Amino acid sequence: MAKGAKGPKGKKITLAVAKNCIKITFDGKKRLDLSKMGITTFPKCILRLTDVDELDLSRNLIKKIPDAISKFQNLRWLDLHSNYIDKLPETIGQMTSLLYLNVSNNRLTTNGLPVELNQLKNVRTVNLGLNHLDSVPTTLGALKELHEVGLHDNLLSNIPNSISKLPKLKKLNTKRNPFPKAESSDMFMDSIRRLDNLYLVEEKDLCGTCLKKCQQARDKLNKIKSMATATPRKAIFSTLVSPNSMAKESQEDWRICSTSP
C-alpha cells in the first residue's frame with residue numbers, strides 16, 4: 001500500500017442496520033449476525049444491543065476488539081473467526097456467561113491472549129486454530145467446563161499435560177502444528193484416547209465442493225472404523241461338522257468328517 005493511502009473502507013453499521021440483523025435462533029435466543037459485511041472497525045452502536053445472547057462478527061476485517069465488549073454480559077456465544085485480530089482485551093474475562101468462543105483464523109499470538117481468559121468458568125468450546133500461537137496458554141487448564149478445544153494450524157511444539165487433565169474434555173484438534181517428533185504427539189493422543197478431532201465449522205459455512213469433500217472424508221473414516229470394530233468372521237473348515245441345535249455344548253460332540261469312502 002502506498003504511503004498515505006487509506007485502507008479498505010468498511011461498511012457503515014448503524015444502529016438501525018444492526019437491529020435488522022438480529023435473528024431468533026431455534027432455541028429462542030437472540031443472535032446479532034454481522035458476519036461477512038466487510039466491517040473494518042468494531043461497530044460501537046451495537047453496544048446498545050447488549051441484551052443479545054449471541055454475537056457473530058466473523059469473516060470481516062476487524063483488527064481490534066474494544067474493552068467495552070464486556071458490556072455483553074448475557075452473551076453465551078461469540079464468533080470472531082476470520083478477522084485480523086492480534087489481541088483480545090483483558091475485559092473478555094468478565095463475560096462469564098460465555099459457552100462458545102471462536103477466534104480462529106486471526107493473527108493472535110500467545111501474548112495476545114490475556115490471562116483473564118481463565119475467568120470464563122462456564123465456557124465449553126474454544127477455537128484458537130489458524131493463528132500464530134507458539135505455546136498453549138496455561139489459562140486453558142483452568143477452564144474445567146471445556147468440552148472442545150481447537151488448536152490446529154498454529155506454531156505449537158508441545159501440548160501441556162494440563163490439557164489432557166481437563167475433566168470434561170471430549171474433542172481436541174492439534175493438527176498441522178510443528179511438533180518435533182511424531183511419537184510425542186502420538187503419546188499425548190494415546191493418553192486421551194477418548195478425544196476425537198474437532199472441526200469447529202458449520203455445514204452452512206462451507207461451499208458445495210468443500211462440504212462434499214468433508215462428507216466423503218467422514219464417510220471413509222466411518223467405514224474404516226466400522227471395519228475395525230466388526231466381529232471377525234469365523235473360519236470355515238470343510239472337515240468339521242457343527243453340532244445341531246439339539247447337540248450338547250461339549251467338545252466331545254464335535255467330530256471330524258471322514259474323508260475315506
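Bear in mind the structure is a predicted one, so any value in this text is a computation, not a measurement.
Of the possible donor and acceptor atoms, one in the side chain of Asn106 sits under 3.5 Å from a partner among the backbone N and O of Val103. With Asp56 contributing its side chain and Ser58 its backbone, the two residues share a donor-acceptor pair below 3.5 Å. Between the side chain of Asn122 and the main chain of Thr96, a donor-acceptor pair closer than 3.5 Å is present. Asp53 contributes a side-chain N or O that, together with a main-chain N or O of Lys30, makes up a donor-acceptor pair within less than 3.5 Å. Side chain of Asn154 to backbone of Leu133: a donor-acceptor contact under 3.5 angstrom is found. Of the possible donor and acceptor atoms, none in the side chain of Lys23 sits under 3.5 Å from a partner among the backbone N and O of Asn20. Side chain of Asn83 to backbone of Asn60: a donor-acceptor contact under 3.5 angstrom is found. Between the side chain of Ser70 and the backbone N or O of Asp67, at least one donor-acceptor pair lies under 3.5 Å. Using a distance-only test at 3.5 Å, with no hydrogens or angles considered, a donor-acceptor pair links the side chain of Gln73 to the main chain of Gln94.
Here the CD1 atom belonging to Ile62 is positioned 10.5 Å from the CE atom belonging to Met37, to the nearest 0.5 angstrom. To the nearest 0.5 Å, atoms CG (Leu49) and CG (Leu34) are separated by 9.0 Å. In this structure, Arg124 CZ and Trp77 CH2 are separated by 16.0 Å, a value rounded to the nearest 0.5 Å. The structure places OG of Ser97 at 8.5 Å from CG of Leu75, a figure rounded to the nearest 0.5 Å.
A 4.5 Å side-chain heavy-atom check between Ile46 and Leu55 finds at least one atom pair inside the cut-off. Ile13 places a side-chain heavy atom less than 4.5 Å from the side chain of Ile39. Proximity of Pro89 to Ile69: side-chain heavy atoms (C-beta onward) are separated by under 4.5 Å at one or more points. Ile22 is listed as a side-chain neighbour of Val52, based on a closest heavy-atom distance under 4.5 Å. In this structure, the side chains of Leu101 and Asn127 stay at 4.5 Å or more apart for every pair of heavy atoms. The side-chain heavy atoms of Leu146 and Val126, taken from C-beta on, include a pair separated by under 4.5 Å. Arg107 places a side-chain heavy atom less than 4.5 Å from the side chain of His132. Looking only at side-chain heavy atoms (C-beta outward), Leu78 and Leu98 come within less than 4.5 Å of each other.
Residues Phe42 and Leu57 come closest through the heavy atom pair CE1-CD1, 3.6 Å. Of all heavy-atom pairs spanning Lys144 and Pro167, the tightest one is O-CG, 3.6 Å. Looking at every heavy atom in both residues, Thr25 comes nearest to Arg76 through OG1-NH2, 4.4 Å. When every heavy atom of Leu128 is checked against every heavy atom of Pro137, the shortest pair comes out as CD1-CG, 4.3 Å. Between Gly38 and Leu61 the shortest heavy-atom distance is O-CD1, 4.2 Å. For Ser104 against Asn131, the heavy-atom pair with the smallest separation is CA-ND2, 3.8 Å.
A side-chain donor from one of Asn102 and Tyr100 sits under 3.5 Å from a side-chain acceptor of the other. In this structure, a donor-acceptor pair under 3.5 Å is absent between the side chains of Asn111 and Thr109. A side-chain N or O of Ser82 and one of Asn105 form a donor-acceptor pair less than 3.5 Å apart.
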Given side chain to side chain contact (heavy atoms under 4.5 Å, CB included), test Asp153 with Asn177 step by step and report yes or no. CA-CA 6 Å; Asp153 298 282; Asn177 277 285; over 6 Å; no

Would Met95 and Phe72 satisfy side chain to side chain contact (heavy atoms under 4.5 Å, CB included), going step by step from the backbone distance to the final call? CA-CA 7 Å; Met95 303 172 69; Phe72 288 91; 4.2 Å; yes

Residues Val149, Ile163; criterion side chain to side chain contact (heavy atoms under 4.5 Å, CB included); working and verdict: CA-CA 9 Å; Val149 177; Ile163 301 299; 5.5 Å; no

One pair to check against side-chain hydrogen bond (donor to acceptor under 3.5 Å, both in side chains): Thr110 and Asp134. What are the steps and the verdict? CA-CA 6 Å; Thr110 303; Asp134 55 12; 3.0 Å; yes

Please assess His81 against Arg59 for the test side chain to side chain contact (heavy atoms under 4.5 Å, CB included), listing each intermediate value before the final yes or no. CA-CA 6 Å; His81 85 264; Arg59 289 166 288 183; 3.8 Å; yes

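By the 6.0 Å contact criterion, NZ on Lys121 is enclosed, its count of non-hydrogen atoms from other residues, nucleotides or ligands being greater than 12.
Two different hydrophobic clusters hold Leu169 and Leu99 under the rule that ILVMFWY side chains link at heavy-atom gaps under 4.5 Å. Cluster annotation: Leu155 and Leu113 are assigned to distinct hydrophobic clusters (Ile/Leu/Val/Met/Phe/Trp/Tyr, side-chain heavy-atom contacts under 4.5 Å, transitive). The hydrophobic clustering, which links ILVMFWY residues whose side-chain heavy atoms are closer than 4.5 Å, places Leu130 and Ile159 apart. Note: the hydrophobic cluster containing Leu88 does not contain Val115 (ILVMFWY, side chain heavy atoms under 4.5 Å, direct or indirect links).
With respect to the salt-bridge test (charged N to carboxylate O, under 4.0 angstrom), the residues Glu145 and Lys168 qualify.
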